[in-house]
Amino acid sequence: MNDNKLKPLSHKARASIKATGWMTVWEGAIRSGKTVASLIAWMLYVARSPENVFVMSGNTLGSIIRNTIVGDFGLLAMFPAASLTKDRSGTTIIRVANKVIYLFGAHDDADYKRLKGLTAGGWYADEVATHPESFIVEALARTAVSSDRRIFWTLNPAVPNHYIYKTFLDVWEEQQVPGYMRFHFVLDDNLAMTKERKAELAAQYQGRFKAMYILGLRVAAEGIVYDSFNRNMLYSKLPEDVTFSDQKYVACDYGTVNPCVFLECALGSDNRIYVFREHRWDSRKEMKQKTDAEYVTDMERFIGAASECEHTIIVDPSASSFILALKLAGYSVLNGKNDVLDGIKRVSSLFAVNGIRIHESCTGLIGELESYIWDSKAALNGDERPLKTNDHAPDALRYYCMTALSTFDLASIGMKDEI
């Protein structure tokens, strides 16, 4: 890590490093310094512990490496003696002298099985609220016999009734369990970020996302999902000074009983996303379901035959038969990235900075953006998800933003994808 990037830690960050208990939790806003503080505390613990085997986990293996291991403020930069490698079984590990840290993704309910048989001294969980409860229970059990047990968790706020609070954090706090420590971080706890950058970051979020990711508050999922969208983001005529590359996309949300939606999208030279037009077939309204072959014909009418069009088609990855039909017809097809909450966060952030423009003729997309809501009943059980209604065109837009834009620097579009 370059010395000129080092900045002093806040008083809260220093206190959290010094005051770790058997369970220490860093919760709060994005880019608030909680991850850096937690990693320093974690590696000091690993270095001093008499134990030799440890565990780190994230929502995926890629996310734990990206969020905590690599980068200017990752574990490898702060602790040059550590190395990222694999053991004989192919498991990704960190080696520090004679100590081993096993790295795991914790995304699916079955991921806990990979912990079976492992005995660890301590455990670090990045974004623990994204872990399945089964993984958390198993990881706690894997450290139960440690002579120097320490658990380190980081999380951005979840919905108030999330199981992470009801089963663990709130229970430990209410019972005043000895050795349980929780530190709440806000954006101002990051002394390395300028006031201007903090203001820029805060402007990228509205509504509940701002409350969660900027203020670090636990906020229920209720109301309109895309509350940062408004009709000032519509256009009737493309700006004359905006140009587009030859690479355009059609994002598809596939449906047989439910509507099937195509959106033609591209990134403009003004670093905004433009939705040019839409195609929509609602089998309930039309009283007729279409086959994959008929949808391929609709696609040909929408953008032209595969041999003459320059579009890449992004499709809901679950629509395997339609994807195959498009490929057989000669179209270039990508499986859409379908992480719902991450996708909603990205689209909402783009709306917040006026990073998406929609043609006024796209009435289906516009209407659904204004009526797509969170599932308030699910939120009562700690589950953050939108209702599966009025979501077809918004899902297509989400596939585009998560898939096509993954190759772009989101900072150039007016926001950074920072959580």
Q: State, with a plain yes or no, whether a side-chain heavy atom of Thr20 is found less than 4.5 Å away from one of Met181.
A: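 They are not in side-chain contact.
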Answer yes or no: is there an ion pair linking [X] with [Y], defined by an N-O contact shorter than 4.0 Å?
X	Y	answer
Glu27	Arg182	yes
Glu368	Arg280	yes
Lys248	Glu310	no
Arg284	Asp282	no
Glu51	Arg149	no
Lys195	Glu200	no

Parallel, tilted or perpendicular, as decided by the 30° and 60° cut-offs, for the rings of His131 and Trp123: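 The rings of Trp123 and His131 sit tilted, inter-plane angle from 30° to 60°.
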Using the ring of each side chain (for Trp, its six-membered ring), is Tyr372 parallel, tilted or perpendicular to Tyr226, with breaks at 30° and 60°?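 Because their plane-to-plane angle lies in the 30° to 60° range, the rings of Tyr372 and Tyr226 count as tilted.
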Do [X] side-chain atoms and [Y] backbone N/O form a donor-acceptor pair below 3.5 Å?
X	Y	result
Tyr213	Gly28	no
Trp42	Leu75	no
Arg272	Leu267	no
Asp111	His107	yes
Ser146	Gly121	yes
Lys99	Val53	no

Residue of the set Asp375, Asp395, Asp253 for which salt bridge (charged side-chain N to carboxylate O under 4.0 Å, His left out) holds with Lys388: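 When Asp375, Asp395, Asp253 are each tested with Lys388, the salt bridge (charged side-chain N to carboxylate O under 4.0 Å, His left out) holds only for Asp395.
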Q.
So, applying side-chain contact (heavy atoms from CB on, under 4.5 Å) with Ile358, which one of Leu263, Ile273, Ile366 is it?
A.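 When side-chain contact (heavy atoms from CB on, under 4.5 Å) is applied between Ile358 and each of Leu263, Ile273, Ile366, only Ile366 qualifies.
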Is the [X]-[Y] ring centre distance short of 6.0 angstrom?
X	Y	value
Trp172	Trp153	yes
Tyr124	Phe54	no
His359	Tyr235	yes
Phe244	Phe276	yes

Can you confirm whether the side chains of [X] and [Y] place a donor and an acceptor under 3.5 Å from each other?
X	Y	value
Asn190	Ser32	no
Asp108	Tyr112	no
Ser89	Thr91	yes
Asp292	Tyr254	yes

- [ ] Tell me, with the steps shown, if Leu365 and His392 meet side chain to side chain contact (heavy atoms under 4.5 Å, CB included).
- [x] CA-CA 8 Å; Leu365 172 60; His392 312 291; over 6 Å; no
Notebook entry, point to check: Between atom SG of Cys252 and atom CG of Asp316, what is the distance when rounded to the nearest 0.5 Å?
Noted result: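 Going from SG on Cys252 over to CG on Asp316, the span is 9.5 Å.
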Side chain to side chain contact (heavy atoms under 4.5 Å, CB included) evaluation trace for Lys345 with Phe209:
CA-CA 7 Å; Lys345 186 267 295 184; Phe209 288 108; 4.1 Å; yes
Arg277: what forms a salt bridge (charged side-chain N to carboxylate O under 4.0 Å, His left out) with it, not counting sequence neighbours?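 In terms of salt bridge (charged side-chain N to carboxylate O under 4.0 Å, His left out), with neighbours along the sequence ignored, Arg277 is linked to Glu264.
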Can you tell me if NZ on Lys166 sees more than 12 non-hydrogen neighbours from other groups inside 6.0 Å?
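Yes, because the 6.0 Å sphere around NZ of Lys166 holds more than 12 heavy atoms from other groups.
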Query - Aromatic Tyr399 / basic Lys337 pairing, under 6.0 angstrom, 45° off normal - result: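 Geometry flag: not set, cation outside 6.0 Å or 45°.
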Answer yes or no on whether Arg218 is positioned over the face of Tyr165, meaning its NZ or CZ is under 6.0 Å from the six-membered ring centre and within 45° of the axis.
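Judged by the rule (NZ or CZ under 6.0 Å from the ring centre, within 45° of its axis), Arg218 counts as positioned above Tyr165.
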Open item on the list: Could you go through Glu127 and Leu155, starting from their C-alpha distance and side-chain angles, then the distance that decides it, and tell me whether this counts as side chain to side chain contact (heavy atoms under 4.5 Å, CB included)?
Closed with: CA-CA 4 Å; Glu127 297 181 349; Leu155 71 154; 5.9 Å; no
